[in-house]
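Note sheet for the following structure.
A note on names: the letters A, B, ... follow the listed sequences, proteins ahead of strands, and every chain is numbered from 1. What you see below is based on every heavy atom in this structure, not just the backbone, and it leaves out hydrogens, waters and symmetry mates.
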There are 2 protein chains.
Amino acid sequence: MTTVPDEEMFEQPCPIRDVLDRIGNQWSLLILEALAPGTLRFNALMREIGDISKQMLSRTLKQLEQDGFITRTLYPEVPPRVEYTLTPLGRSFLEPMQQLVVWADTHHGAIVAARTRYQALQE
Amino acid sequence: MTTVPDEEMFEQPCPIRDVLDRIGNQWSLLILEALAPGTLRFNALMREIGDISKQMLSRTLKQLEQDGFITRTLYPEVPPRVEYTLTPLGRSFLEPMQQLVVWADTHHGAIVAARTRYQALQE
DNA sequence: ATCTCACGGTCTACATGTTAGACCAAGTTT
DNA sequence: AAACTTGGTCTAACATGTAGACCGTGAGAT
C-alpha cells in the first residue's frame with residue numbers, strides 16, 4: 001500500500017487530491033473563514049478560532065502562504081506585528097467554501113436527526 | 001485553552017464547526033466523491049481510493065452512516081457483501097463539493113506556481 | 001527600578017490519530 | 001485439503017497534534 005501497483009500509477013499530481021489534501025482539513029478551512037472579513041494578526045486569529053494550538057496555527061499559516069492563499073506581512077516593530085491577509089486566490093476560494101458553509105447551515109438539523117436515529121437503533 | 005473563557009462560550013454546537021469537523025477531512029471528502037457515481041462495496045471503495053487503511057475506511061464509513069450521508073446494506077451471504085450508497089442528504093452534499101472540486105481543478109496551476117515562487121524566495 | 005504583560009513564534013515532551021499487517025469464520029475454487 | 005475471498009476488528013509501531021515553557025524586546029503598572 002506504500003507502493004502503488006503499477007497498473008494504477010496515478011501518483012502524478014491529481015489536482016483534486018493535491019488541493020484537497022491541503023485545504024481539506026479543519027484548520028485551513030477555519031483559518032480561511034476567519035480571514036474572510038479582513039486582515040488579522042497572529043494572536044487575533046488564535047482568539048478568533050479559539051481552540052487551535054500555536055504550533056498548528058503557525059504551521060497551517062505557513063502552508064497557506066506557500067500555496068498562495070494568504071500573504072504574511074511582518075512590521076519590524078517591537079513587539080512584532082504580523083498581519084495575515086487573503087490574496088485574490090484565497091478570496092476566490094471563499095466562494096465555493098461559502099456554498100459549503102451554507103450547505104452545512106441548511107442541513108445541520110438533518111445530520112443531528114440522523115445521529116439521533118442511529119443512536120436509537122443501537123439499543 | 002482547554003477551558004474556553006466564559007466571555008466567548010460558543011461551545012454550543014456551532015453548526016458550521018460541527019459539520020466541518022466531520023466532513024472537513026481528506027477521507028470523508030474522498031469517500032463521498034468515490035461514491036458519487038454509484039453504490040460501491042467495501043473493498044471496491046478501498047481500491048478506488050487507493051491509499052486509505054481498512055481501519056480508517058471502516059471508521060469513516062461508520063461516521064458518514066451515523067451522520068446520514070450514506071447507507072450501509074449488509075447482504076447476509078458468504079462471503080459477506082456490504083454495499084455503501086449515498087443517501088439524498090449525501091447526494092445533496094455533492095453539489096457544494098463539486099464546486100470545490102471545480103475550483104481545485106481551475107486553480108491548481110496557480111497554487112503550484114505559488115509554491116514555486118515561495119521556494120525561489122527561500123534561497 | 002523591577003515586575004509583568006504582550007507580541008509571534010519555536011521547542012520539547014506527551015497525547016492522540018493513523019498505519020500496516022495479522023487474524024477471524026465460512027464458502028468457493030484449485 | 002490448501003488457498004483465496006469477503007468485511008471487518010485488533011494490536012503494535014509510527015506520524016501527527018497538543019499544551020505549555022521559553023525567547024527577547026518594549027511598554028505599563030507597582
Angle between ring planes, A/Phe93 versus B/Trp103, binned at 30° and 60°: parallel, tilted or perpendicular? perpendicular
Value rounded to 0.5 Å, distance of CE in A/Met97 from CG in A/Leu29: 4.5 Å
Is there a donor-acceptor pair closer than 3.5 Å between any side-chain N or O of A/Thr60 and the backbone N or O of A/Ser28? no
A/Leu35 to A/Ile70 - nearest heavy-atom pair and separation: CD2-CG2, 3.7 Å
Figure out the CG/P separation between A/Asp51 and D/dT18, and round it to whole Å. 8 Å
Just by distance, do the side chain of B/Ser58 and the backbone of B/Lys54 share a donor-acceptor pair under 3.5 Å? no
To the nearest angstrom, how far is A/Met46 atom CE from D/dG20 atom C1'? 12 Å
If I take atom CG in residue A/Leu57 and atom C1' in nucleotide D/dG20, what distance separates them, rounded to the nearest angstrom? 16 Å
Spacing of B/Arg81 atom CZ relative to C/dG27 atom C1', expressed in whole Å: 15 Å
Can you tell me the distance, in whole Å, between the CD atom of A/Gln26 and the P atom of D/dT18? 8 Å
For atom CG of B/Leu74 and atom C1' of C/dA26, their distance in whole Å: 14 Å
Please list, for nucleotides 12-18 of chain C, all pairs of protein and nucleotide N/O atoms separated by less than 3.5 Å.
unit_1, atom_1, unit_2, atom_2, d
C/dT12, O4, A/Gln55, NE2, 3.1

Kindly state which residues belonging to residues 30-41 of chain A come within less than 4.0 angstrom of DNA chain D, counting heavy atoms of the residue only, listed by number. none
Does atom CD of B/Gln98 have more than 12 heavy-atom neighbours, drawn from other residues, nucleotides or ligands, at distances under 6.0 Å? yes
CG/A/Leu45 to CG/A/Leu61 distance, rounded to the nearest 0.5 angstrom? 6.0 Å
Identify whether any heavy atom of A/Tyr75 sits under 4.0 Å from a base atom; if not, whether one sits that close to sugar-phosphate; answer base, sugar-phosphate or nothing. nothing
Would the distance check show the side chain of B/Asp67 and the main-chain N or O of B/Phe69 forming a donor-acceptor pair, the cut-off being under 3.5 Å? no
Taking CD from B/Glu83 and C1' from D/dT6, how many angstroms apart are they, rounded to a whole number? 13 Å
B/S/- contact track for nucleotides 21-30 of chain D, protein heavy atom under 4.0 Å: ----BS----
What is the distance, to the nearest angstrom, from the CG atom on B/Leu45 to the C1' atom on D/dT6? 14 Å
We want to know whether B/Gln55 and B/Arg59 form a side-chain donor-acceptor pair, criterion being a heavy-atom distance below 3.5 angstrom. yes
For residues A/Leu74 and A/Phe42: do they belong to one hydrophobic cluster (side chain heavy atoms under 4.5 Å, members Ile, Leu, Val, Met, Phe, Trp, Tyr)? yes
With a 4.0 Å limit, can you tell me whether B/Ser58 has a side-chain N or O closer than that to the phosphate oxygens OP1/OP2 of D/dT9? yes
To the nearest 0.5 Å, how far apart are CD in A/Glu83 and CG in A/Leu40? 9.0 Å
